[in-house]
Protein chains: 2
Amino acid sequence: MPADRAPTRIQQKNRAAILDAALDVFSAQGFRGATVDQIASAAGLSKPNLLYYFPSKEAIHAAVLEQLLDTWLDPLRALDPEGEPLEEILAYMRRKLEMSRDLPRESRLFANEIVQGAPRIHDVLSTDLKQLVDEKAAVLEAWADAGRIARVHPYHLIFSIWSLTQHYADFDVQVRAVLGDEDPFAAAPEFLETLYRRLLTPPARA
Amino acid sequence: MPADRAPTRIQQKNRAAILDAALDVFSAQGFRGATVDQIASAAGLSKPNLLYYFPSKEAIHAAVLEQLLDTWLDPLRALDPEGEPLEEILAYMRRKLEMSRDLPRESRLFANEIVQGAPRIHDVLSTDLKQLVDEKAAVLEAWADAGRIARVHPYHLIFSIWSLTQHYADFDVQVRAVLGDEDPFAAAPEFLETLYRRLLTPPARA
DNA sequence: GTTTGATTTGACCAAAAGGTCAAACGCACG
DNA sequence: CGTGCGTTTGACCTTTTGGTCAAATCAAAC
């Protein structure tokens with residue numbers, strides 16, 4: 001790879017193709033399961049050519065992961081402390097569910113990484129992620145204090161949104177094996193909306 | 001390996017040690033990520049010695065997986081159509097949560113397999129698992145028909161129990177990174193019980 | 001159109017990893 | 001206490017895989 005100058009058109013195209021191919025392969029096979037050859041041919045390149053753009057398999061993985069983390073937390077960041085509590089939470093859940101439907105590879109890449117102990121992103125989890133969740137949990141707590149939502153453990157509430165929505169991407173094959181023909185994303189939104197409305201609607205005032 | 005006779009004490013001990021070590025390694029690294037050497041040394045054996053008991057890495061993995069599937073569905077099987085609906089569902093959720101706490105390796109092995117497309121257990125999912133879920137979903141449906149629980153999509157209800165409980169095992173490092181010192185399993189049972197009580201308590205009679 | 005730097009490739013290397021085998025070892029039973 | 005079968009191992013083989021390199025090719029600026 002040439003020095004750091006403005007990337008040529010070819011560089012842009014090939015780097016993008018590599019990252020996309022790598023997302024495909026890493027999300028489907030995990031880091032160790034993926035081979036450089038697989039990624040290269042999925043990107044339409046030879047292995048040495050791929051390694052002309054990235055110095056190593058590790059580097060490709062790091063790049064894909066960095067790109068993912070960049071957007072992964074956006075839905076939670078967008079939870080607005082000034083908004084209507086229940087609607088904000090429902091909107092967050094919907095955004096996460098849409099990500100499971102539209103970006104399942106990203107979800108599975110993340111799942112692969114976490115399930116195997118998050119060796120490469122443990123830092124981000126305990127700093128950036130923790131900080132963000134702490135902040136939003138405080139918002140949820142304040143809403144409960146104000147009686148605007150029912151009081152539940154705010155961290156577990158957030159975990160529940162993660163697990164319920166990501167399940168449809170990460171465990172896709174299981175869900176589809178059980179549902180048969182039915183599209184998982186047909187009934188999921190309504191089910192989850194009902195669930196969170198019933199969980200969080202504040203008790204009637206005395 | 002000698003012919004199929006009654007297994008000697010040494011055979012029993014070593015096979016058990018291998019399966020336990022393999023569960024350790026496979027659940028932490030996935031199939032491709034695990035090496036036969038790792039499993040062997042985790043079991044306190046040399047690689048050729050391990051391969052004296054199992055013919056291949058695949059065979060070890062199959063054995064571990066088979067052992068897992070054998071018990072993985074027990075909690076759902078135990079859901080009693082004759083029991084009190086809400087209590088039956090809560091008890092099922094609790095059993096699954098206990099499995100996440102007590103058998104996290106098993107949960108992660110399963111998660112690894114599913115996330116990567118379940119190449120080796122797809123059959124079981126679309127036959128045994130589907131059949132069991134169909135059966136229990138019908139029970140849930142009947143309970144809703146009788147007005148004994150609120151009506152929700154029975155399949156998604158089951159998915160929700162899977163995802164909410166397994167999350168604590170599969171995403172353990174993330175949960176702990178966010179919670180800091182707090183034990184995830186301290187508040188989870190109450191949170192989940194509240195969630196399902198509010199979701200499923202039938203609407204007051206008119 | 002030639003030159004220069006970017007891009008691509010075939011050939012190659014070394015390490016890792018799954019698996020084999022013959023020989024050595026050891027336990028238990030006659 | 002020796003023999004036979006179950007067990008263990010060191011040495012070795014082959015394939016896969018991450019990575020290198022020099023040479024060939026291509027694109028575009030001059």
Looking only at C:dA6, D:dT20, D:dT7, the nucleotide nearest the A:Y52 side chain is C:dA6
Atom pairs and distances, donor-acceptor, side-chain atoms in residues 87-94 of chain A, under 3.5 Å, two or more places apart:
| unit_1 | atom_1 | unit_2 | atom_2 | d |
| --- | --- | --- | --- | --- |
| A:E87 | OE2 | A:R197 | NH2 | 3.4 |
| A:E88 | OE1 | A:D80 | N | 2.9 |
| A:Y92 | OH | A:W162 | NE1 | 2.9 |
| A:R94 | NH2 | A:E193 | OE1 | 3.3 |

Go through residues 33-50 of chain A and report each residue with a non-hydrogen atom lying under 4.0 Å from DNA chain C, sorted by number.
A:S46, A:P48, A:N49
Given D:dG6, D:dG19, C:dG19, which nucleotide is nearest the side-chain atoms of B:S56?
C:dG19
Output yes when at least one side-chain N/O atom of A:Q11 is less than 4.0 Å from OP1 or OP2 of C:dA6, else no.
no
Go through the structure and list residues passing side-chain contact (heavy atoms from CB on, under 4.5 Å) with A:D74, not counting sequence neighbours.
A:T71, A:R77
Residues forming a side-chain contact (heavy atoms from CB on, under 4.5 Å) with A:D181, sequence neighbours excluded:
none
Taking ring pair (Phe, Tyr, Trp, His ring centres under 6.0 Å) as the cut-off, I'd like each qualifying pair that reaches into residues 93-128 of chain B, sequence neighbours left out, listed once.
B:W72-B:F110
OP1 or OP2 of D:dT17 versus the side-chain N and O atoms of B:R32: is any pair under 4.0 Å?
yes
Are the charged groups of B:E141 and B:R151 less than 4.0 angstrom apart, N to O?
yes
Any side-chain hydrogen bond (donor to acceptor under 3.5 Å, both in side chains) involving residues 127-138 of chain B? Give me the pairs, sequence neighbours left out, ordered by first then second residue.
B:K130-B:D134, B:D134-B:Y155
When every nucleotide of nucleotides 22-30 of chain D is labelled 5' to 3' by its protein contacts under 4.0 Å (heavy atoms), B for base, S for sugar-phosphate only, - for none, what sequence of letters results?
---------
Those residues that, when tested against A:Y196, pass ring-ring contact (aromatic ring centres under 6.0 Å, His included) (two or more places apart)
none
What side-chain donor-acceptor pairs closer than 3.5 Å can you find for residues 28-35 of chain B, not counting sequence neighbours?
| unit_1 | atom_1 | unit_2 | atom_2 | d |
| --- | --- | --- | --- | --- |
| B:Q29 | NE2 | B:Q38 | OE1 | 3.3 |
| B:R32 | NH1 | A:G33 | O | 3.2 |
| B:T35 | OG1 | B:Q38 | N | 3.0 |

